[in-house]
Amino acid sequence: VQRITVAAGAPLEQVYCGVGDVLTESGRPTRHVYFPITCTAALIYTPADGATSGMAVIGDDALVGVSVILGGGALPGRAEVLIGGNALKMGADGARDHFRRGGSFQRVLLRYTQALLAHISQTGVCQGLHSVEQRLARCLLLTLDRSPRSADLPLTQDTLAVLLGVRRESVSHAAPGQGDIEVIAC
């Protein structure tokens with residue numbers, strides 16, 4: 001895993017991101033980018049009909065707010081904190097300026113953007129081809145992989161339903177099979 005490093009003097013502020021905090025929101029200007037340290041976030045898409053589905057899980061090897069770096073507007077959906085913890089926050093203008101300077105910051109963020117596109121694409125394919133049980137296992141493994149603090153994932157069935165794009169009852173039915181390996185406490 002290649003960590004994102006920012007040059008000395010970059011305007012970074014360490015902040016606490018609580019569970020459920022929305023870091024970016026569709027239709028609203030993205031004013032900051034966040035580099036998770038001990039928190040984990042998810043990109044969640046909500047179409048006009050109100051249904052939701054997780055697109056990607058973001059941990060300490062990435063950033064929230066990639067649209068700022070790419071120069072576009074906000075991405076569809078929102079970035080919501082799944083597991084509370086610390087992140088480094090940088091203003092959008094500072095992040096754009098730092099990116100434009102080139103160097104390792106730019107190279108790593110371009111590689112991250114490519115990986116994020118692949119992750120979102122794979123999630124889309126998974127949604128269409130795999131059972132809820134398989135998608136739940138993938139979601140838990142991705143979240144665990146991106147959560148540096150512990151093996152405990154304080155995710156509710158409601159949160160998992162949002163990430164999987166299913167009703168809560170579907171998670172309840174899928175979860176007991178996962179309980180055999182003591183991943184989920186129902």
Side-chain angles (χ1 to χ4, degrees), residues 15-30 32-67 73-87 89 112 115-179 181-186:
V15 295
Y16 181 80
C17 301
V19 173
D21 286 355
V22 176
L23 304 178
T24 64
E25 180 83 46
S26 182
R28 295 191 182 155
T30 302
H32 301 93
V33 297
Y34 296 84
F35 300 91
I37 300 170
T38 58
C39 68
T40 304
L43 297 180
I44 300 169
Y45 182 71
T46 305
D49 68 3
T52 59
S53 185
M55 298 184 293
V57 179
I58 299 172
D60 67 345
D61 60 344
L63 86 150
V64 173
V66 71
S67 62
L75 293 174
R78 68 184 185 276
E80 185 175 318
V81 177
L82 295 177
I83 299 172
N86 294 319
K89 179 172 87 169
Y112 163 69
L116 178 63
L117 289 171
H119 181 48
I120 290 171
S121 298
Q122 186 177 25
T123 299
V125 170
C126 183
Q127 294 286 76
L129 297 178
H130 297 114
S131 69
V132 175
E133 291 83 3
Q134 292 169 317
R135 292 173 21 221
L136 176 60
R138 178 180 184 268
C139 178
L140 291 171
L141 289 170
L142 284 170
T143 305
L144 186 61
D145 186 48
R146 288 159 175 79
S147 302
R149 292 188 299 160
S150 76
D152 293 330
L153 298 178
L155 303 175
T156 66
Q157 289 186 1
D158 289 330
T159 300
L160 290 168
V162 166
L163 294 175
L164 297 174
V166 299
R167 294 179 5 176
R168 183 187 179 284
E169 293 78 15
S170 297
V171 174
S172 298
H173 292 300
Q178 304 297 328
I181 55 173
E182 298 183 16
V183 173
I184 297 178
C186 296

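In what follows, every heavy atom counts, from backbone to side chain, and hydrogens, waters and symmetry copies are set aside. Here, residue 1 is the first one in the sequence, and each next residue gets the next number.
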Closest non-hydrogen atom pair between [X] and [Y], with its separation:
X	Y	value
Asp21	Gly18	OD2-N, 2.7 Å
Tyr112	Asp61	CD1-O, 4.4 Å
Gly65	Thr24	CA-CG2, 4.3 Å
Gly85	Cys39	N-CB, 3.5 Å
Tyr34	Pro36	O-CD, 3.4 Å
Gly84	Val19	N-CG2, 3.5 Å

| query | Would you say Thr38's side chain and Asn86's backbone share a donor-acceptor pair under 3.5 angstrom? | reply |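 Side chain of Thr38 to backbone of Asn86, a donor-acceptor pair under 3.5 Å: yes, one is there.
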
Separation of [Y] [atom2] from [X] [atom1] (nearest 0.5 Å):
X	Y	atom1	atom2	answer
Arg135	His130	CZ	NE2	10.0 Å
Leu136	Leu141	CG	CG	9.5 Å
Leu43	Thr123	CG	OG1	9.5 Å
Cys17	Ile83	SG	CD1	12.5 Å
Thr143	Ile58	OG1	CD1	11.5 Å
Glu133	Ser170	CD	OG	9.0 Å

Atom pairs and distances, donor-acceptor, side-chain atoms in residues 48-57, under 3.5 Å, two or more places apart:
residue: Asp49; atom: OD1; partner: Ala51; partner atom: N; Å: 2.9
residue: Ser53; atom: OG; partner: Gln127; partner atom: NE2; Å: 2.6

**Study point:** Candidate pair His119 and Leu142, rule side-chain contact (heavy atoms from CB on, under 4.5 Å), full reasoning
**Key:** CA-CA 10 Å; His119 181 48; Leu142 284 170; 3.4 Å; yes

Could you please spell out the steps behind the side-chain contact (heavy atoms from CB on, under 4.5 Å) verdict for Leu163 and Ile44?
CA-CA 7 Å; Leu163 294 175; Ile44 300 169; 4.2 Å; yes

Salt bridge (charged side-chain N to carboxylate O under 4.0 Å, His left out) filter on Arg146, not counting sequence neighbours, yields none

Check: Sequence neighbours excluded, which residues qualify as salt bridge (charged side-chain N to carboxylate O under 4.0 Å, His left out) partners of Arg138?
Finding: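 So Arg138 forms no salt bridge (charged side-chain N to carboxylate O under 4.0 Å, His left out) with any residue.
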
Query - Qualifying residues under side chain to side chain donor-acceptor pair (under 3.5 Å), relative to Thr159, sequence neighbours excluded - result: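 Expected list: Thr156.
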
Residues at least two apart in sequence or cross-chain that pass side chain to side chain donor-acceptor pair (under 3.5 Å) with Thr46, listed by chain then number, are Arg78

Quick note, salt bridge (charged side-chain N to carboxylate O under 4.0 Å, His left out) partners involving residues 34-48, not counting sequence neighbours, are none

